[in-house]
Every structure is written in structure tokens, then in C-alpha cells.
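Note that the coordinates shown come from a computational prediction; the quantities given were computed from them, not determined experimentally. Values reported hereafter were calculated over all heavy atoms of this structure, with side chains retained and with hydrogens, waters and symmetry mates removed. All residue numbers in this chain count up from 1 along the given sequence.
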Amino acid sequence: MATTTRPKELGDGTVKHHKPFIVFSDFDGTITLQDSNDYMTDNVGFGKERRVHLNQEVLHDRMSFRDSFDEMLASVKLPFDECKQLLLDNIRLDPGFKTFFEWCRSKDIPVVVLSSGMKPIIRALLTKLVGDAASEIDIVANDVDVDEKTGEWKILFHDDSHFGHDKSLAIRPYAALPEGERPKMVYCGDGVSDLSAARETDLLFAKEGRDLVTYCVKEGMPFTEFDSFADIHRACEQLHSGQVTLEKLAAQSKTEYEQKHA
């Protein structure tokens with residue numbers, strides 16, 4: 001299964017949302033309980049052992065995420081429609097996400113998915129798991145090219161970076177806005193696909209026990225650990241209402257993590 005890079009879409013790297021608060025989030029393993037690409041690889045690809053090995057290679061800078069992901073997906077031989085159905089039947093939503101998303105809608109806070117997965121699969125899963133309102137969630141992700149006759153498919157990478165999709169490119173235009181226009185920004189993630197975005201927002205939520213936490217600890221990067229979107233919801237409500245500052249929340253998160261892992 002060959003891979004390529006899709007042509008740049010008009011609007012990539014631009015500012016779409018002129019709002020005071022924006023939530024950027026990974027999809028697989030963050031909004032969902034399982035990573036859809038890992039699920040395919042483990043169950044109908046080369047298996048979990050090889051996948052975990054490749055993740056460690058990426059985490060320790062011995063392999064690019066793009067090459068690792070390419071190898072993972074190349075091991076999946078099912079036709080694309082069967083892959084999609086497999087995931088629709090088995091992938092579940094983080095129990096706190098739907099309530100969090102409803103709160104974001106009520107406060108006019110955009111939720112933008114930045115994913116190394118494939119946009120058609122993400123859109124199908126969000127529609128099933130969240131409902132019609134999921135159409136309001138922007139998705140910036142890799143795409144897929146499907147042969148309609150055979151069902152064979154190949155990933156179309158978002159850009160030419162060694163990530164395949166450099167998530168920072170969607171965030172940096174907002175960070176570059178002048179004071180008074182620049183929004184508060186948070187990013188929610190869990191794994192090696194999030195390394196390109198980890199340093200780009202005001203607050204990073206990293207899922208407990210996952211590779212992104214390992215990376216942040218290794219790099220000395222500030223983060224707030226979360227177990228479910230209920231934790232993210234609570235923190236974002238406090239930030240949005242002004243009950244707590246970014247600085248105070250970051251300090252609290254650091255103290256809580258150190259006490260928990262002492």
C-alpha cells in the first residue's frame with residue numbers, strides 16, 4: 001500500500017476562528033478510548049508487538065513518525081470500507097467528551113481536531129459517536145485515496161514533514177496573532193503523533209499512562225495529566241471563567257503529578 005502527500009488545501013495554516021478560547025485535540029486515543037489506527041494494526045495488520053516497538057523508536061528519536069505510521073498502515077490489507085466498518089463497530093468515545101463538547105458549543109469555543117489519522121474515518125466515527133452536531137468540529141488530518149473497484153487504499157499525508165501531519169502548522173497562526181487578538185489555546189493528546197503540537201499551546205493536556213506523558217517528563221515540558229475529558233472539562237471551565245490562571249493551573253498540575261509519582 002503506497003503512500004503519498006496530498007496537495008495543500010486552500011486555508012491550511014490560516015486563522016479561521018476569531019474567538020478568545022480554542023480547544024485543539026488529537027482524536028485517536030484522546031477523544032476516543034482506543035486508537036483506530038492501532039486497533040487496525042493490532043487486529044488485521046502486523047500486530048501489537050511490532051507496533052509498540054515502532055512507537056518506542058519514534059519516542060526515542062530513532063525513527064520518524066511518518067515512516068512508522070506508513071509501515072503500520074501498509075500492514076493492513078482489508079479493503080477500506082471493511083476497515084471503516086471494523087472501526088465503527090469497535091471504537092468507543094471517551095465518556096466525558098460529549099458533555100465537554102456540548103459545553104464548548106454553549107460557550108462558543110471552537111473544537112478543532114488535529115489528527116494523524118484519516119479524515120473520512122474520523123468524520124464517520126465522530127458522526128456516530130457524537131451525533132449531527134459533530135459536523136461543527138473542524139478536522140485537520142491526513143486523507144485517503146481509495147480504489148473504488150478493488151477497495152485498496154493508500155494514505156495521503158497532510159504535508160511533507162517527518163510527522164506526515166505537522167500539527168503545529170495549524171496552531172502557530174493563532175499563536176502569532178497580536179496581543180488582544182491571540183486566543184487562549186489548549187491541546188489535548190496522548191501519544192507520539194502529538195509531539196509536533198506539544199509545545200505550541202498555552203496548556204497541554206496529556207493522557208495518563210501514555211507516551212505523550214513519557215515524552216513530556218523526558219523533555220521537562222509542562223503538562224496537565226488527564227484520565228478522561230471530564231478532567232479537561234473541569235480545567236477549561238475554570239480557565240474560561242477566570243477562576244484560575246494558566247500559571248496557577250500549570251503549577252497545580254506539576255505539584256499533583258510529582259506527588260502522585262513520588
Side-chain angles (χ1 to χ4, degrees), residues 23-43 45-65 68-69 72 87 90-101 111 113-117 122 125-126 129 163 165 167 186-239 246 249-262:
V23 175
F24 295 98
S25 181
D26 174 53
F27 180 72
D28 286 295
T30 301
I31 289 175
T32 59
L33 293 179
Q34 310 98 323
D35 184 302
S36 64
N37 305 294
D38 290 355
Y39 189 90
M40 285 194 296
T41 303
D42 293 356
N43 289 279
F46 56 39
K48 182 176 180 179
E49 184 177 354
R50 177 65 180 166
R51 174 182 62 78
V52 171
H53 170 74
L54 292 182
N55 282 349
Q56 291 302 307
E57 293 295 286
V58 175
L59 194 61
H60 296 286
D61 299 320
R62 294 189 291 263
M63 187 178 193
S64 73
F65 178 82
S68 168
F69 197 57
M72 281 173 52
L87 299 173
N90 290 282
I91 301 301
R92 300 292 175 259
L93 192 70
D94 179 289
F97 180 76
K98 193 168 184 178
T99 300
F100 172 72
F101 176 54
V111 176
V113 167
L114 303 180
S115 174
S116 292
I122 297 167
L125 285 168
L126 276 175
L129 298 172
F163 297 106
H165 175 198
K167 298 180 181 184
V186 303
Y187 183 82
C188 317
D190 76 309
V192 293
S193 74
D194 300 305
L195 304 188
S196 62
R199 299 179 186 273
E200 302 297 329
T201 58
D202 302 303
L203 186 64
L204 171 65
F205 292 102
K207 194 162 189 176
E208 182 179 5
R210 302 292 180 86
D211 287 340
L212 184 56
V213 170
T214 302
Y215 177 79
C216 290
V217 171
K218 179 169 74 81
E219 297 293 320
M221 187 186 306
F223 67 96
T224 296
E225 197 173 39
F226 76 96
D227 177 58
S228 82
F229 261 87
D231 302 322
I232 295 172
H233 188 173
R234 191 179 310 109
C236 285
E237 274 193 311
Q238 292 176 336
L239 282 172
L246 284 164
L249 183 58
Q252 288 175 349
S253 299
K254 184 174 185 293
T255 299
E256 288 172 3
Y257 181 83
E258 290 174 347
Q259 290 176 343
K260 186 175 181 180
H261 297 276

Notebook entry, point to check: Once you round to the nearest 0.5 Å, how far does CZ of F65 lie from CE of M72?
Noted result: 7.0 Å
Next item on the list: Give the minimum heavy-atom separation between I91 and S36, together with the two atoms involved.
Entry: CD1-CA, 4.0 Å
Next item on the list: Quickly, which of F101, F205, F97 forms a ring pair (Phe, Tyr, Trp, His ring centres under 6.0 Å) with F229? Name it, please.
Entry: F97
Checklist line | Nearest-0.5 Å distance that lies between atom NE2 in H233 and atom CD in Q238 | finding: 10.5 Å
Next item on the list: Taking the side chain as every heavy atom from C-beta outward, state whether R92 and T32 have any atom pair closer than 4.5 Å.
Entry: no
Margin query: Would the distance check show the side chain of D194 and the main-chain N or O of A197 forming a donor-acceptor pair, the cut-off being under 3.5 Å?
Written below: no
Note to self: Could you check whether any side-chain heavy atom of E225 comes within less than 4.5 Å of a side-chain heavy atom of H261, counting everything from C-beta outward?
What the structure shows: yes
Next item on the list: Sort out for me which residue in D94, L125, V113 forms a side-chain contact (heavy atoms from CB on, under 4.5 Å) with I31.
Entry: V113
Check: Less than 4.0 Å between a side-chain N and a carboxylate O, is that true for D26 and K167?
Finding: yes
Note to self: Please give me the minimum heavy-atom distance between V213 and A206, naming the atom from each residue.
What the structure shows: CG2-CB, 3.7 Å
Check: Do you know which two heavy atoms are closest between L33 and P95, and how far apart they sit?
Finding: CD2-CD, 3.9 Å
Checklist line | Nearest-0.5 Å distance that lies between atom CG in L59 and atom CG in L195 | finding: 7.0 Å
Check: Do the charged groups of E256 and K260 touch, with an N to O distance under 4.0 Å?
Finding: no
Item checked: Any donor-acceptor N/O pair, T99 side chain to G96 backbone, under 3.5 Å -> no
Note to self: Once rounded to the nearest 0.5 Å, what's the spacing between atom OG1 of T224 and atom CG of L249?
What the structure shows: 4.5 Å
Checklist line | Donor-acceptor under 3.5 Å (K207 side chain, G29 main chain) | finding: yes
Next item on the list: Could you point out which residue of R51, Q56, R50 forms a side-chain contact (heavy atoms from CB on, under 4.5 Å) with L54?
Entry: R50
Check: Could you state the interatomic distance from CG (N43) to CG (D38), rounded to the nearest 0.5 Å?
Finding: 10.5 Å
Margin query: Tell me the closest heavy-atom pair linking S25 and T30, and the distance in Å.
Written below: OG-CG2, 3.6 Å
Note to self: Distance check, rounded to the nearest 0.5 Å: F163 atom CZ versus S64 atom OG?
What the structure shows: 9.0 Å
Check: Would you say D231's side chain and S228's backbone share a donor-acceptor pair under 3.5 angstrom?
Finding: yes
Notebook entry, point to check: Looking only at atom types and distance, does a side-chain atom of D42 sit under 3.5 Å from a main-chain N or O of Y39, one as donor and one as acceptor?
Noted result: no
Check: Is there a side-chain contact between F27 and D35, using heavy atoms and a 4.5 Å cut-off?
Finding: no
Next item on the list: Give the minimum heavy-atom separation between F223 and S253, together with the two atoms involved.
Entry: O-CB, 3.7 Å
Checklist line | Heavy-atom pair of closest approach, residues L204 and C216 | finding: CD2-SG, 3.5 Å
Margin query: Strictly distance-based, threshold 3.5 Å: is any side-chain N or O of T41 a donor or acceptor partner for the main-chain N or O of N37?
Written below: yes
Next item on the list: Output all residues satisfying salt bridge (Lys or Arg N to Asp or Glu O under 4.0 Å) with D190, sequence neighbours left out; order by chain, then residue number.
Entry: R210
Note to self: Filter on side chain to side chain donor-acceptor pair (under 3.5 Å), then keep only pairs touching residues 211-221, sequence neighbours left out; what's left?
What the structure shows: R199-E219
Item checked: Backbone of D28 reached by a side-chain donor or acceptor of Q34 within 3.5 Å -> no
